[in-house]
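One structure below.
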Amino acid sequence: PRPPRLVDLRRPEEFARFRMAGSLNIPSFALKTKSFLTRRPVVLLDEGYDPQGLETVCQELRQAGLEASFLYGGLQAWKASGADLEGDRFAQRALDRMPADAFRNGVTDERRLLVALDEALPVSDVPQAVSLPYRGDPSAWIVQLRQTLDRWTGQPELFSVVLISRAGTDYDDLESALRTSRLPNLFFLEGGWQAYQELLSRELVARERGEASTDAPAGCPTCRLGCQ
């Protein structure tokens, strides 16, 4: 079988910092103009924050006649599996930090589980959210997380798990412990719940002023082809 072409859809400056060996950096809007992509299967990838954007692009390419799939979980899942990435190893450590706008874009996706590390966080209105307070013992907390994920059997398949504290400044202990846990697709919300609320406030002000705001990417039927 023909080996697939790995196509990284991230911004050029992000691709320059680190990447999968042999991958190409092509923006999504230019994919259909690259005739050489029709000669081999194409696997799309990005950070792995949310599948919706990749699903949409993947579906468009398949409708155009390309043999397309996407890397489920993206670069974060690849790195968490123990596989190597090329480039700046220090920058790679930030792969598990999900920016507030990426969190917002998939906040209603039932395939994402939000885990509140502070029991006072008001997450009751967020779909697929649980409170699992962290009290300083990472080993005990990871056991609780595993039990929580085990109970999710029969629910929609989880694409990612996002851990969130109030200000996003107290992740270090858990992050160190989780590196060896091999739990899939774990992210920490960058800046915590505070950053997310600040983003929503800025968008509300922009709407009230009649300014354009960024729309969340539309989802599409899954085109997962087992690229894990």
Side-chain angles (χ1 to χ4, degrees), residues 9-11 13-14 46-56 73-77 80 91-138 141-142 144-145 148-149 151-152 155-179 183-219:
L9 303 184
R10 294 176 300 150
R11 293 192 295 267
E13 61 272 21
E14 296 169 341
D46 60 9
E47 299 92 340
Y49 298 143
D50 193 312
Q52 293 182 356
L54 288 181
E55 286 173 340
T56 301
L75 293 172
Q76 167 63 1
Q92 293 174 31
R93 296 182 63 183
L95 257 177
D96 63 1
R97 292 296 197 269
M98 180 180 288
D101 56 348
F103 175 77
R104 183 281 315 272
N105 288 342
V107 73
T108 59
D109 194 329
E110 292 185 350
R111 295 168 295 178
R112 175 189 290 174
L113 176 64
L114 169 64
V115 179
L117 304 179
D118 184 334
E119 58 190 348
L121 289 180
V123 297
S124 57
D125 293 334
V126 180
Q128 300 288 84
V130 297
S131 179
L132 198 62
Y134 175 61
R135 297 187 171 89
D137 185 341
W141 189 89
I142 290 173
Q144 290 181 297
L145 178 61
T148 299
L149 296 178
R151 290 195 296 271
W152 232 256
Q155 301 291 328
E157 181 182 9
L158 292 178
F159 179 83
S160 61
V161 178
V162 185
L163 312 182
I164 175 170
S165 67
R166 181 169 298 280
T169 58
D170 49 0
Y171 295 141
D172 290 348
D173 287 349
L174 267 182
E175 182 179 29
S176 297
L178 285 167
R179 281 201 189 105
L183 288 167
N185 294 31
L186 284 173
F187 293 94
F188 295 87
L189 180 59
E190 188 173 23
W193 189 254
Q194 179 177 315
Y196 175 56
Q197 293 300 307
E198 289 172 353
L199 173 67
L200 296 182
S201 296
R202 290 195 301 271
E203 291 180 339
L204 176 60
V205 171
R207 286 195 297 271
E208 290 175 344
R209 292 176 177 174
E211 298 173 1
S213 62
T214 302
D215 292 328

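Remember, it's a predicted structure, so these values are computed and weren't measured experimentally.
Side chains of L117 and D170 form no contact here, defined as non-hydrogen atoms less than 4.5 Å apart. Residues S165 and D118 are not in side-chain contact: their nearest non-hydrogen atoms beyond the backbone lie 4.5 Å or more apart. Counting heavy atoms from C-beta outward, L178 and F188 have side chains that approach closer than 4.5 Å. Side-chain contact between M98 and R112 is present, with at least one heavy-atom pair separated by less than 4.5 Å. Using a 4.5 Å cut-off on side-chain heavy atoms (C-beta onward), Y171 and D96 make no contact. Counting heavy atoms from C-beta outward, L113 and L149 have side chains that approach closer than 4.5 Å. No side-chain heavy atom of Q128 sits under 4.5 Å from any side-chain heavy atom of L114. By the 4.5 Å heavy-atom criterion applied to side chains, V115 and T148 are not counted as neighbours.
Atom CZ of R179 is separated from atom CG of L174 by 11.5 Å, given to the nearest 0.5 angstrom. Here the straight-line distance linking atom CG of L95 with atom OH of Y49 works out to 6.5 Å at 0.5 Å rounding. How far CG of L132 is from CD1 of I164: 13.5 Å, rounded to the nearest 0.5 Å.
Between R166 and A120 the shortest heavy-atom distance is NH2-CB, 3.4 Å.
In this structure a side-chain-to-backbone donor-acceptor pair under 3.5 Å is missing from Q194 to G168. The main-chain N or O of G191 is never found under 3.5 Å from a side-chain atom of Y196 such that the two would form a donor-acceptor pair.
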